[in-house]
Amino acid sequence: MFRAAVDIQPACLGLYCGRTVLSVNGSVETYGDCGVCPRGQRTDDHKICRECLGSPDRYDWLYLGFMAMLPLVLHWFFIEWYSGKKSSSALLQHLTALLECSVAALVTLLLSDPVGSLHIRSCAVKKLSDWYTMLYNPSPDYITTVHCTHEAVYPLYTIVFIYYAFCLVLMMLLRPLLVKKIACGLGRSDRFKSIYAALYFFPILTVLQAVGGGLLYYAFPYIILVLSLVTLAVYMSASEVEFFKDLLVRKKRLVVLFSHWLLHAYGIISISKLDKLEQDLPLLALVPAPALFYLMTAKYTEPSRILSEGGNGH
């Protein structure tokens, strides 16, 4: 009965256009005209708008975790950058940024459907085009466009914007008062620079999600690995870390090292998805490998040593 009811309908063009269910009488459904699906629904194989009743899989949560980490990591970077070497307020600002992002994530989940629960319902991501439904609006007569743009990956696309909005609001409510009271060691113009930086990178992150959300969804594990490797090498080089004892001189260096190791592990888990634990868990043993390789080879690439050996060769 269901298939017959679908077959008698005129063709519904467009990759993401569908018919909404107007009423259900027993096993017979009545459908509306072909058009955009309501929020929280996407088309099935028969071009019928169906409510998203699934849950995000492990990879979806890892993607959301990556998007949630971006503002936090940027907060920490700019706080460290502008706090100054003698400032004792950096740690408290780091903790405040962590609190802001954590509360923002919690509130975002609680306000998502179903409201009041940390569980969210979602549509499964099937392909890259699901993120860019606005590019697949059909024009049957090449003049009139049927607009069928909707969130086929509900709520993975919009939930990130909501999270960023809460992060920004909480930062503006908490951070200025905190910085004004504790950042006494900084100049009047320097103490708020980490907040000013956030006012720049939040719009950039928003545009990045709006334009490249689908690309980030498939590429974020590799982005994490590459950036964490590059930043670790740059940091150890700038800090003149050449031996294991150099890491023990300052606790801050160990914190940075372990933070990068956590990012390495996150990237490896995101790539493998831990589908087969007996095969994927041993890969985590590779997490310390880049740092160990750097420490074992740094002394051979020191510029002064290369120049001296070159001079002796002549």
Side-chain angles (χ1 to χ4, degrees), residues 15-16 40-45 50-74 98 101-102 104-106 108-110 112-114 117-133 151-164 205 208-233 257-293:
L15 189 59
Y16 295 99
Q41 299 184 15
R42 70 169 296 169
T43 56
D44 61 8
D45 296 335
R50 300 293 181 186
E51 188 175 8
C52 301
L53 298 176
S55 299
D57 60 19
R58 184 179 297 138
Y59 187 84
D60 294 338
W61 283 115
L62 289 170
Y63 165 74
L64 293 177
F66 168 73
M67 299 306 294
M69 282 192 299
L70 284 180
L72 179 59
V73 171
L74 289 173
L98 177 61
C101 293
S102 300
L106 183 62
T108 301
L109 291 177
L110 291 175
S112 300
D113 193 19
S117 172
L118 295 179
H119 166 80
I120 59 176
R121 63 180 183 90
S122 67
C123 298
V125 181
K126 299 179 180 178
K127 48 189 174 182
L128 179 61
S129 61
D130 291 346
W131 293 83
Y132 304 102
T133 56
E151 190 178 6
V153 294
Y154 173 87
L156 300 182
Y157 188 74
T158 54
I159 197 173
V160 176
F161 298 124
I162 299 172
Y163 167 73
Y164 288 165
L205 291 178
L208 186 65
Q209 167 68 3
V211 177
L215 299 176
L216 288 174
Y217 178 80
Y218 289 101
F220 82 88
Y222 309 98
I223 294 175
I224 291 177
L225 285 180
V226 172
L227 289 183
S228 61
L229 290 175
V230 172
T231 54
L232 178 62
L257 177 63
F258 289 136
S259 299
H260 280 82
W261 282 359
L262 288 176
L263 289 176
H264 296 344
Y266 195 93
I268 292 174
I269 292 173
S270 300
I271 292 175
S272 65
K273 303 179 186 178
L274 295 182
D275 292 331
K276 298 180 180 179
L277 292 178
E278 64 278 4
Q279 296 181 9
D280 299 334
L281 282 180
L283 293 175
L284 295 178
L286 297 174
V287 167
L292 297 177
F293 178 80

J.: For residues V211 and Y132, report the shortest heavy-atom separation together with the two atoms involved.
T.: O-OH, 2.9 Å
J.: Parallel under 30°, tilted from 30 to 60°, perpendicular over 60°: which one fits the rings of Y217 and W131?
T.: tilted
J.: Would you confirm whether Q209, through its side chain, and V160, through its main-chain N or O, come within 3.5 Å as a donor-acceptor pair?
T.: no
J.: Would you call L263 and T231 a side-chain contact if the rule is heavy atoms closer than 4.5 Å?
T.: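 Sidechains of T231 and L263: no contact.
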J.: Could you report the tightest heavy-atom contact between S129 and Y16, atom names first, then the distance?
T.: OG-OH, 2.7 Å
J.: Suppose we screen for side-chain contact (heavy atoms from CB on, under 4.5 Å). Which residues come up paired with L262, at least two apart in sequence or across chains?
T.: none
J.: For residues E151 and L156, report the shortest heavy-atom separation together with the two atoms involved.
T.: OE2-N, 3.7 Å
J.: Quick check: closest heavy atoms across S122 and P56, and the distance to 0.1 Å?
T.: OG-N, 3.2 Å
J.: Working to the nearest 0.5 angstrom, can you tell me the gap between S270 OG and I223 CD1?
T.: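 Rounded to the nearest 0.5 Å, the OG-CD1 separation comes to 11.0 Å.
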J.: According to side-chain contact (heavy atoms from CB on, under 4.5 Å), who are the partners of L109, at least two apart in sequence or on a separate chain?
T.: W61, L118, I120, I159
J.: With side-chain contact (heavy atoms from CB on, under 4.5 Å) as the criterion, how do M67 and Y164 come out once you've worked through the C-alpha distance, each side chain's angles and the decisive distance to 0.1 Å?
T.: CA-CA 9 Å; M67 299 306 294; Y164 288 165; 3.4 Å; yes
J.: Looking at every non-hydrogen atom in both residues, tell me the closest pair between P71 and Y163 and how far apart they are.
T.: CG-CE2, 3.8 Å
J.: Looking at residues at least two apart in the chain, or sitting in another chain, which of them share a salt bridge (Lys or Arg N to Asp or Glu O under 4.0 Å) with R121?
T.: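 By the salt bridge (Lys or Arg N to Asp or Glu O under 4.0 Å) rule, R121 matches E51, D113.
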J.: CD/Q41 to CG/L53 distance, rounded to the nearest 0.5 angstrom?
T.: 9.5 Å
J.: Look only at the side chain of Y63 and the backbone of L216, and say whether a donor-acceptor pair between them is shorter than 3.5 Å.
T.: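 Checked: no pair found.
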J.: Is any NZ, NE, NH1 or NH2 atom of the basic residue among R42 and D130 found under 4.0 Å from an Asp or Glu carboxylate oxygen of the other?
T.: yes
J.: Please collect all side-chain hydrogen bond (donor to acceptor under 3.5 Å, both in side chains) contacts where either partner lies in residues 218-228, sequence neighbours excluded, each pair once.
T.: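 Pairs touching residues 218-228 that pass the test: S228-H264.
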J.: Distance-only check: which donor-acceptor pairs under 3.5 Å involve side-chain atoms of residues 280-289, not counting sequence neighbours?
T.:
residue: D280; atom: OD2; partner: D275; partner atom: N; Å: 3.1
residue: D280; atom: OD2; partner: K276; partner atom: N; Å: 3.1

J.: CD1/I271 to OH/Y59 distance, rounded to the nearest 0.5 angstrom?
T.: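 These two atoms lie 8.5 Å from each other.
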J.: Nearest 0.5 angstrom please: L208 CG to L215 CG, how far?
T.: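 Result: 9.5 Å between the selected atoms.
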J.: Can you name the residues that form a ring pair (Phe, Tyr, Trp, His ring centres under 6.0 Å) with F161, not counting sequence neighbours?
T.: Y157
